[in-house]
Amino acid sequence: MRGFVFSFARRRRRFSANAAKASSIPRFVHRYSSAMLFTFMFAGGMLLGSLSAKNADVGLLNKMDFLFTTNLTVRLQQPVFATFAASFASNFLFLIFVFLCGLAPWGMVAVSVAPAFKGFGTGLSAGYLFITYGFKGVGFYLLVMLGGTFIFTFTLIMECIQAQTLSCKIAKCVFLGDAQGTSVSVYVRGYLIRSLYFLILTAAASLADMMLWTAFSGLFF
């Protein structure tokens, strides 16, 4: 009898654990759905950019160098601080676009453009380096460019999540007439503070770019 009771208790614990695990999956998806969406948009853009690199026109690549690193010759010849300035200016454009989307009721739709386009440029740069310089270009990207890119991509996705949340709150007030004026105004203040932190992280990503370019670019070119 005691063995039966213990066996039943063990089975019940296993059932409870499996039920909790099954219920945790929808909670996880609901909690991190925005992060997963923007990460997917970035990854999809990166894949498309890498596939487009072999057919990209040289003139187009040179024009896009302001947003992405597609003209390595110019970048290697510029002063150290110019590397920081170019990286920060490029990243700042993405960040300010997302920031402004968060303040608009339609921004929740447009905000996903930023990680997708950033991913496209990242894939285009990586594909261009591989096609032009082979495995030396891959090593250059991994050692020199990946650090700053990773920091800013994380920052951009976090800003996208905040912007989407605020845009949804504003849209509910504007289109559905929800009386959430107080909560929205409180969230806006928090949004401004968090965006300032993300701006600092963007500067840190550009600083990492500058340091890695200065330290390791000479090993490859």
Side-chain angles (χ1 to χ4, degrees), residues 19-52 67-68 87-126 145-206 208-209:
K21 187 183 297 184
S23 64
S24 67
I25 295 175
R27 284 202 306 269
F28 177 86
V29 172
H30 176 74
R31 184 174 182 180
Y32 298 105
S33 57
S34 295
M36 293 167 64
L37 169 66
F38 296 128
T39 302
F40 176 78
M41 294 298 292
F42 176 83
M46 188 172 179
L47 177 62
L48 182 61
S50 61
L51 294 176
S52 302
L67 290 176
F68 316 111
S87 175
F88 183 78
S90 171
N91 293 339
F92 180 77
L93 288 177
F94 286 96
L95 198 70
I96 194 64
F97 172 79
V98 175
F99 173 79
L100 294 176
C101 284
L103 299 175
W106 44 262
M108 58 184 145
V109 178
V111 71
S112 60
V113 172
F117 192 55
K118 180 62 179 177
F120 178 82
T122 301
L124 187 67
S125 299
M145 298 176 61
L146 185 61
T149 300
F150 177 81
I151 296 172
F152 178 69
T153 300
F154 171 79
T155 303
L156 183 65
I157 290 175
M158 294 301 294
E159 179 75 0
C160 286
I161 295 170
Q162 302 298 324
Q164 185 188 57
T165 302
L166 177 58
S167 179
C168 287
K169 289 180 179 292
I170 295 174
K172 286 180 181 179
C173 289
V174 173
F175 300 119
L176 300 180
D178 276 2
Q180 293 182 342
T182 303
S183 63
V184 170
S185 63
V186 171
Y187 196 88
V188 168
R189 287 196 291 271
Y191 179 71
L192 295 175
I193 294 172
R194 287 187 291 270
S195 295
L196 179 60
Y197 292 151
F198 294 145
L199 182 63
I200 294 172
L201 280 176
T202 300
S206 301
D209 258 343

[atom1]/[X] to [atom2]/[Y] distance, rounded to the nearest 0.5 angstrom?
X      : Y      : atom1 : atom2 : value
Tyr191 : Leu196 : OH    : CG    : 12.5 Å
Thr165 : Met108 : OG1   : CE    : 11.0 Å
Ile161 : Thr39  : CD1   : OG1   : 7.0 Å
Thr155 : Phe150 : OG1   : CZ    : 9.5 Å
Ile151 : Leu146 : CD1   : CG    : 9.5 Å

message = Between Ser90 (side chain only) and Ser87 (backbone N and O only), is there a donor and an acceptor less than 3.5 Å apart?
response =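 Not at all, since once roles are kept as given, no pair shorter than 3.5 Å links the two residues.
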Exam field: side chain Ser167 to backbone Ala163, donor-acceptor pair closer than 3.5 Å =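 Flag not set: sc Ser167 to bb Ala163 has no pair under 3.5 Å.
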Min side-chain heavy-atom separation [X]-[Y] under 4.5 Å:
X      : Y      : value
Phe40  : Met36  : no
Leu37  : Gln164 : yes
Phe92  : Ser206 : no
Lys118 : Asn91  : yes
Phe117 : Met41  : no
Thr122 : Phe42  : yes

task = Using the side chain to side chain contact (heavy atoms under 4.5 Å, CB included) rule, take Val111 and Phe38 through it: C-alpha gap first, then chi angles, then the decisive distance, then the call.
result = CA-CA 9 Å; Val111 71; Phe38 296 128; 3.7 Å; yes
message = For Phe88 versus Leu199, what's the shortest heavy-atom pair and its separation?
response =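 The pair with the smallest heavy-atom distance is CZ-CD1, 3.9 Å.
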For residues 95-106, tabulate all N or O donor-acceptor pairs below 3.5 Å that involve a side-chain atom, not counting sequence neighbours.
none

ask   = Would Phe152 and Asp209 satisfy side chain to side chain contact (heavy atoms under 4.5 Å, CB included), going step by step from the backbone distance to the final call?
value = CA-CA 10 Å; Phe152 178 69; Asp209 258 343; over 6 Å; no
